[in-house]
Structures are given as structure tokens and as C-alpha cells.
Amino acid sequence: MTEQPPGAVATPDDPLSGVPSAGAPGALLVVVSGPSGVGKDTIIDALRARPADPAYHYVVTCTTRSARRGEVDGVSYQFLARERFAALRDDGAFLEWAEVHGNWYATPRAEVRRALAGGRDVILKIDVQGAAAVKSLVPDALLVFVVPPSLEALFRRLRARATETAEQLELRQRNAAIELARAGDYDHVVVNEDGQVERTAERIEAIIRAERARHPDRRVVV
Ligand code: 5GP
């Protein structure tokens, strides 16, 4: 099983791009969503740092937004120009795509298939629209929603992060309430309490383990 090199999005010539395929028995497609600023990146880093056998496969998704300071192409995201993104989308290279906070984001389909076929639990960090799209395409996907202890705490964290312009920050704050209203679409809701990243990661790990134990032989088709 070969891994995709960073920065590569499989094209339709990739045999795994076009045809639905079944993953290895037990391998899960896990979606982690939550409003901007809730701490998804830190939680997923903590989750990935925990020993899992086999290790989780985190999918580096594609975006048309500019890289923030410290973000690395192929590691944080695959940063794409809109033209390239549109061409890949039109070629069917994405499992789902959505416009979020004014930028385009998408999940590379072939990478998800390849990781599931290799028996890895796949982690997707995508927004509420992406989660709904994945659930309708892949009913066996496990949807986890991370929420802040309160809206005030969320806004405080977003402001402290200081990675957005005032206008972008306002848009993300407005969208947070809309996103939080979608919690009912998810299989599990986990509160990320202030300063409790490890605990949140542990709870998500326990949810994944329990799901694996419930369906040891199920093959998730993507
Ligand atoms: P950010 O710009 O803060 O990195 O991400 C904004 C939102 O886009 C977050 O909710 C993040 O989870 C979501 N996102 C990242 N990648 C994808 C993707 O491939 N598809 C969708 N639908 N949302 C994504």
C-alpha cells in the first residue's frame, strides 16, 4: 500500500478515483467537525499522537484559501488555485466539496479509498456541509461533532488565535451559530472544555474504538 506523496491529488486516471470500493474489514471513515476556533486541529493532533494500531490516516484536504503563517502545503492543506480546484472537482477527484467562509474546500476521494483499503481508520476534518455530504454517500461513516463549552468561549478562542482579518473573524463568528445548530446531524457530540484537549482526544478515541468493536467485519464502501 503506497501513500500519496504530499501535495498530490489523484486524477481520474487513478484506478481508485472512479469506482466505489470497499475498505478492509473494520476500517472506519471518521468525520470530525465543529465550528471555527473550537480546536479541531489541536484535538486531531492529540488524537494522532495517541498510539493506535494501525495508526489513523489523516486526510490532508484541499483548499483555495491562502496559507496562514506556519501552515505548510501538503501538510496543513493542499493549497490550490481556484482553476486547479475546479478542474479536479469537474474530473470527479473529490468525495465532497463545499464553500466554507468564502473559500472552497474538498476531500480527495482516492486517498480516502486507499487508506480504507489498507485497513486504516480515516480521519476527515471537514465542515457541517461536508459531513452531511459524506453521510449521504457513505451511511456507515462515523460523525463526531466538537462543540465549545459556550459561544463566548468559542469567540474568545477565535480572537486569541488572531489568524483572521476583522471581516473574516466576523463571518466565522456568524457561521458558528449556524454550524452549532447542525449538531443533531452527528452520531456523537463532544464538548472541548477549556484546556482539556487530551481529554477530548481521548473521548473521540473511545468513540472510534467502540464503533470498531461494534462492527469488526464491516467494509465501508466509498
Ligand atoms: P479553516 O479555514 O479554518 O482551516 O477551515 C474552515 C472549515 O473548513 C473548517 O470547518 C474545516 O473543518 C473545513 N474543511 C477543511 N477541509 C474541508 C474539506 O475538505 N471539506 C469540507 N467540506 N470542509 C473542510
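We're numbering straight along the sequence, starting at 1. Just so you know, ligand 1 is whichever comes first in the structure, and atom 1 is the first atom listed for that ligand.
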Next on the checklist: Quick one, Asp185 with Lys135, criterion salt bridge (Lys or Arg N to Asp or Glu O under 4.0 Å). Give me CA distance, side-chain angles, the key distance, then yes/no.
Outcome noted: CA-CA 9 Å; Asp185 296 356; Lys135 192 72 178 180; over 6 Å; no

Checklist entry - Is it the case that more than 12 heavy atoms not belonging to Arg199 sit under 6.0 Å from its CZ atom? => result no

Next on the checklist: Can you confirm whether more than 12 heavy atoms, excluding those of Arg50, are under 6.0 Å from its CZ atom?
Outcome noted: yes

How close does the nearest protein non-hydrogen atom get to [atom], and which residue and atom is it?
atom	result
atom 6 (C) of ligand 1	Tyr105 OH, 3.5 Å
atom 16 (N) of ligand 1	Thr61 OG1, 2.8 Å
atom 13 (C) of ligand 1	Asp127 N, 3.7 Å
atom 11 (C) of ligand 1	Lys125 O, 4.0 Å

Next on the checklist: Just to be sure I read this right, does ligand 1 sit under 4.0 Å from the backbone of Arg68, its side chain, both, or neither, counting only heavy atoms?
Outcome noted: side chain

Next on the checklist: Just to check, does Glu179 reach to within less than 4.0 Å of ligand 1 when the distance is taken from its heavy atoms?
Outcome noted: no

Next on the checklist: Any heavy atom of Gln129 closer to ligand 1 than 4.0 angstrom?
Outcome noted: no

Checklist entry - Purely on distance, is any nitrogen or oxygen of Cys62 under 3.5 Å from one on ligand 1? => result no

Which of the atoms in ligand 1, numbered in the order shown and given with their element, are less than 4.0 Å from a heavy-atom of [X]?
X	result
Ala98	22 (N)
Lys40	9 (C), 10 (O), 12 (O)
Gly130	22 (N)
Val100	7 (C), 8 (O)
Arg65	1 (P), 2 (O), 4 (O)
Tyr77	1 (P), 4 (O), 5 (O), 15 (C), 16 (N)

Item to check | Options Glu96, Glu99, Gln78, Glu164, ranked by nearest heavy atom to atom 20 (N) of ligand 1, top entry | outcome: Glu96

Next on the checklist: Go through it in stages, so that I can follow the logic: the residues are Glu96 and Arg109, the test is salt bridge (Lys or Arg N to Asp or Glu O under 4.0 Å), and I'd like the CA-CA distance, side-chain angles, deciding distance and then a yes or no.
Outcome noted: CA-CA 8 Å; Glu96 61 76 40; Arg109 189 197 296 273; over 6 Å; no

Item to check | Euclidean distance, Gln129 CD relative to Ile178 CD1, rounded to 0.5 Å | outcome: 10.0 Å

Checklist entry - What is the distance from atom CG of Asp194 to atom CZ of Arg156, rounded to the nearest 0.5 Å? => result 5.5 Å

Is the closest basic N to carboxylate O distance between [X] and [Y] below 4.0 Å?
X	Y	answer
Arg65	Glu71	yes
Arg114	Glu111	no
Arg218	Glu211	yes

Checklist entry - What residue pairs, at least two apart or across chains, pass ring-ring contact (aromatic ring centres under 6.0 Å, His included) with a residue in residues 104-126? => result Tyr77-Tyr105, Phe85-Trp104, Trp97-Trp104

